[in-house]
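Side chains are part of it too, since the values below use all heavy atoms of this structure and drop only hydrogens, waters and symmetry mates. Quantities reported herein were computed from a predicted structural model and do not represent experimental measurements.
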Amino acid sequence: MKSTMIHPLAVRAAHWVNAFAMTCMLMSGWTIYNASPILPFQFPAWMTLGGWLGGAIAWHLAAMWLLVANGLLYLLYGIASGHFRREFLPIRASELLRDTGRALTLRLPHEVGRYNVVQRFAYVIVLLFGVLVVASGLAIWKPVQLAWLAGLFGGFDFARKVHFAAMAGIAGFIAIHLLLVLLVPRTLLPMVIGRARASHRTAS
């Protein structure tokens, strides 16, 4: 059976760079969180990166700039190539409710290389979370120099809460994403090589 290109190189590169950058940001961020928790719990050491606060901040900032650069390149590609329009739109409320119900009962058809409405909605939301986590992170990093940005978030303390909430949203997306890969493992190889055989529908 003939294979077709379903994930262009630019999309695959952005995906794997994001995977690396987000892993570094989450783990180093949890080290930073542990130094001054805002909730009554801490992350175990094996989930953290950096070893100490200064090291974690260095990892966090390095990963942040990698994530921002990669995100801007992906944004330019997505707009210029029509990738966003083709893959993420339209999102209709009626279809979203229908497919959400199917997903919750494990009856949602999945076709490699094509996003259903639930997936499109999830990707749009996580992209918005990405913007929010970077903006709130900058407000926390430079609360004096970027006082106007910190002000938009209601001050330093509330910006920390927004940053944590956005991080939790991204972590939740990643957890669900990995679970779906385990449930439908044939979706992984095309994200590595770009190509897949003519897709067929399966419920996931």
Side-chain angles (χ1 to χ4, degrees), residues 5-33 35 43 47-89 113 115 119-153 156 159-178 181 187-188 190-194:
M5 177 63 67
I6 61 174
H7 294 307
L9 178 60
V11 172
R12 285 178 281 139
H15 175 274
W16 293 112
V17 171
N18 268 347
F20 173 76
M22 284 308 309
T23 299
C24 293
M25 286 207 71
L26 287 171
M27 295 180 70
S28 59
W30 293 337
T31 306
I32 297 168
Y33 167 90
F43 293 95
M47 294 178 64
T48 64
L49 177 68
W52 60 296
L53 181 58
I57 291 174
W59 271 99
H60 206 64
L61 292 177
M64 178 195 73
W65 290 119
L66 177 61
L67 187 70
V68 168
N70 189 57
L72 289 175
L73 290 174
Y74 178 63
L75 178 65
L76 292 173
Y77 169 81
I79 294 173
S81 68
H83 173 73
F84 291 158
R85 174 179 49 80
R86 288 192 310 270
E87 304 296 341
F88 299 151
L89 298 175
Y115 298 130
Q119 288 174 306
R120 294 200 295 266
F121 180 75
Y123 278 110
V124 169
I125 292 299
V126 80
L127 287 173
L128 294 176
F129 273 145
V131 173
L132 188 60
V133 80
V134 169
S136 58
L138 289 173
I140 295 168
W141 180 38
K142 298 289 186 181
V144 176
Q145 296 89 333
L146 297 175
W148 62 272
L149 184 58
L152 289 178
F153 287 104
F156 177 85
R160 284 193 70 203
K161 295 180 175 65
V162 171
H163 193 68
F164 184 86
M167 176 278 299
I170 293 172
F173 171 87
I174 293 172
I176 294 172
H177 185 66
L178 293 175
V181 170
T187 60
L188 179 60
M191 188 51 75
V192 177
I193 66 175

Item to complete: State whether the side chain of R12 and the backbone N or O of V192 hold a donor-acceptor pair below 3.5 Å, judged by distance alone.
Response: yes

Item to complete: Report yes or no: does T31 contribute a side-chain atom to a donor-acceptor pair with the main-chain N or O of T48 at less than 3.5 Å?
Response: no

Just how far is it from atom [atom1] of [X] to atom [atom2] of [Y], taken to the nearest 0.5 Å?
X: R85; Y: I79; atom1: CZ; atom2: CD1; answer: 12.0 Å
X: I193; Y: L188; atom1: CD1; atom2: CG; answer: 10.0 Å
X: N70; Y: W65; atom1: CG; atom2: CH2; answer: 14.5 Å
X: L128; Y: I170; atom1: CG; atom2: CD1; answer: 10.5 Å
X: I140; Y: K161; atom1: CD1; atom2: NZ; answer: 10.5 Å
X: I174; Y: T23; atom1: CD1; atom2: OG1; answer: 6.5 Å

With side chains defined as the heavy atoms from C-beta onward, is the minimum distance between [X] and [Y] less than 4.5 Å?
X: L132; Y: F153; answer: yes
X: L73; Y: V17; answer: no
X: Y123; Y: F84; answer: no
X: V131; Y: L127; answer: no
X: M64; Y: L67; answer: no
X: M22; Y: L26; answer: yes
X: F43; Y: Y33; answer: yes
X: H15; Y: Y74; answer: no

For [X] and [Y], which heavy atoms make the closest approach, and how far apart are they?
X: S28; Y: W59; result: CB-CB, 3.9 Å
X: M47; Y: W30; result: O-CE3, 3.1 Å
X: G169; Y: F129; result: CA-CE1, 3.8 Å
X: A63; Y: A21; result: CB-O, 3.7 Å
X: H163; Y: S136; result: ND1-OG, 3.0 Å
X: I32; Y: L53; result: CA-CD1, 4.0 Å

Fill in: Heavy atoms of other groups near F156 CZ, more than 12 under 6.0 Å
yes

Worksheet item: side-chain contact (heavy atoms from CB on, under 4.5 Å) between H60 and M25: does it pass, once the steps are laid out?
Response: CA-CA 5 Å; H60 206 64; M25 286 207 71; 3.6 Å; yes

